[in-house]
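Heads up: the structure comes next, in structure tokens.
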Number of protein chains: 2
Amino acid sequence: MDRRQQKTRKAIFAAFNKLLEEKHFNNITVQEILDEANIGRSTFYSHFETKDALLKEMCTDIFDHIFSHELHSETSHDFSSSDHGLQEKITHLLYHLKDNRGNVLGVLSGESGELFMKYFKEYLAAMFRQYPECIRQDVPREFALNHLVGSLAEAVKWWIGTKMEMPPEEAAEDYLKLIGYDH
Amino acid sequence: MDRRQQKTRKAIFAAFNKLLEEKHFNNITVQEILDEANIGRSTFYSHFETKDALLKEMCTDIFDHIFSHELHSETSHDFSSSDHGLQEKITHLLYHLKDNRGNVLGVLSGESGELFMKYFKEYLAAMFRQYPECIRQDVPREFALNHLVGSLAEAVKWWIGTKMEMPPEEAAEDYLKLIGYDH
DNA sequence: TTGATAATGAACAAAGTGTCTGATATAGTC
DNA sequence: GACTATATCAGACACTTTGTTCATTATCAA
């Protein structure tokens, strides 16, 4: 890819990210992104169709990176204690978030959090599907899966909101307690 | 209140509601509300400062109605089995949603669901605070409360999304199982 | 009936969007 | 280094949406 394109794309992402920490997605104008990234109007539109497309691409970038380990790691975890495998995976995920590569923090805890949660949950669902034994059998499967995904997403959001005071290990352990996997 | 105002307000709410079922809040223009409600531009702005204010007022209206029973009902439930009190309360809440007075359905399950969830959760938090014994003591209180609220909100949203196939009693019971209150 | 007030409709400035232009600068290739 | 392709630029453009204003008309409550 042309260096100029890389540079522009990077500048747009950085500007967008900074603005997202300050204000809600809906209240960010293309003009503000232009000014912050210091690029021309037509340049922006040659990279992204709309502001929504920019958001989507950014989410993909961020979460693909964060979950690359979580999802593609060989499922070689200890099957005799598979819940520990999950606990480690969640701990790892939280550490990853704490590293804050790609600036997920501002994005997930910020005013536009809801928008990102949608994408975040898709990745979480894929993760949980790797642990079918965690999904209770005495309630409808989709109901149970939705519970796991939704509550973990909410827990992560809350954790970020508290500036990640709790250590990742503790947060992961407490979460597993709450969903009833603390044997 | 002047009949004219009532009529206008009602028309605006109805129009807004209809539009919310069709498209996302962000993509609804004031002009569309005006046309749908068949009122003048200046009339709208004499009732609501902005589109956001309209959303907020609508949420208050809807949830105040739904939770009026839940929250103000004398906490005269059987303390010896207080979790059953909660189960009944949730069941009651689901029935209320099924009645769909105020058209919560389109609103919670629609494209703009995220916006309403925020308000919905505030009411749910108030509800759970009436059942302190449901909040686990072995994890930080706020973490536990956030889990209850977040997961119930997600469960309700999921339930609505499935056209409320499961009977309220069953959904409430399953939810309590998932949060570990199925003794 | 009458005085108060709500609704009307039309016009308005301001701000934002997405498109298009021709000129300029810079990248990758030979 | 020269050459070609193309990314960026600046700015203008038509268009949509927003929120305000005002004079006029219709409706309410007493």
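Chain identifiers are assigned alphabetically (A, B, ...) following the order of the sequence lines, protein sequences preceding nucleic acid strands; residue numbering begins at 1 within each chain.
- For H47(B) and dA6(C), the shortest distance from a side-chain N or O to OP1 or OP2 is not below 4.0 Å.
- Listed pair T8(B) / dA7(C) meets the phosphate criterion, a side-chain N or O lying under 4.0 Å from OP1 or OP2.
- Atom NZ in K51(A) sits about 13 Å away from atom C1' in dG18(C), given to the nearest Å.
- Of the N and O atoms on the side chains of N146(A) and E142(A), not one donor lies less than 3.5 Å from an acceptor on the other residue.
- Here S42(A) lies in heavy-atom contact (under 4.0 Å) with a base.
- Of the listed nucleotides (dG19(D), dT17(C), dA7(C)), dG19(D) has the atom at the smallest distance from the side chain of V30(B).
- Comparing Q31(B) and M1(B) by the nucleotide of DNA chain D that holds the closest heavy atom to each, the one mapping nearer the 5' end is Q31(B).
- The side-chain heavy atoms of L145(A) and R129(A), taken from C-beta on, include a pair separated by under 4.5 Å.
- Counting to the nearest Å, the C1' atom of dG16(C) and the CG atom of L19(A) are 15 Å from each other.
- Ring geometry for F63(A) against Y123(A) counts as tilted: the plane angle lies between 30° and 60°, on a 0 to 90° scale.
- Both Y45(A) and L55(A) sit in one connected hydrophobic cluster of ILVMFWY residues. Membership requires side-chain heavy atoms under 4.5 Å apart, directly or through other members.
- Not a single donor-acceptor pair, N or O on each side, falls under 3.5 Å between the base of dG9(C) and the side chain of R41(B).
- Proximity note for T43(A) (side chain, C-beta onward) versus dT21(D), dT8(D), dG19(D): the nearest is dT8(D).
- The local environment of CD in Q137(B) is sparse, with at most 12 non-hydrogen atoms from other residues, nucleotides or ligands closer than 6.0 Å.
- Across all strands shown, R3(A) has heavy atoms under 4.0 Å from sugar-phosphate atoms exclusively, and none from any base.
- Counting only heavy atoms from C-beta on, D2(A) has its side chain closest to dA7(D) among dA7(D), dT20(D), dG18(C).
- Contact annotation: Y45(B) does not reach the phosphate of dT20(D) (side-chain N/O to OP1 or OP2, under 4.0 Å).
- In this structure, L34(B) atom CG and dA11(C) atom P are separated by 16 Å, rounded to whole Å.
- Put simply, the side chain of R4(A) and the base of dT8(D) share no donor and acceptor less than 3.5 Å apart.
- Side-chain nitrogen and oxygen atoms of Q5(B) include at least one within less than 4.0 Å of the OP1 or OP2 phosphate oxygen of dA6(C).
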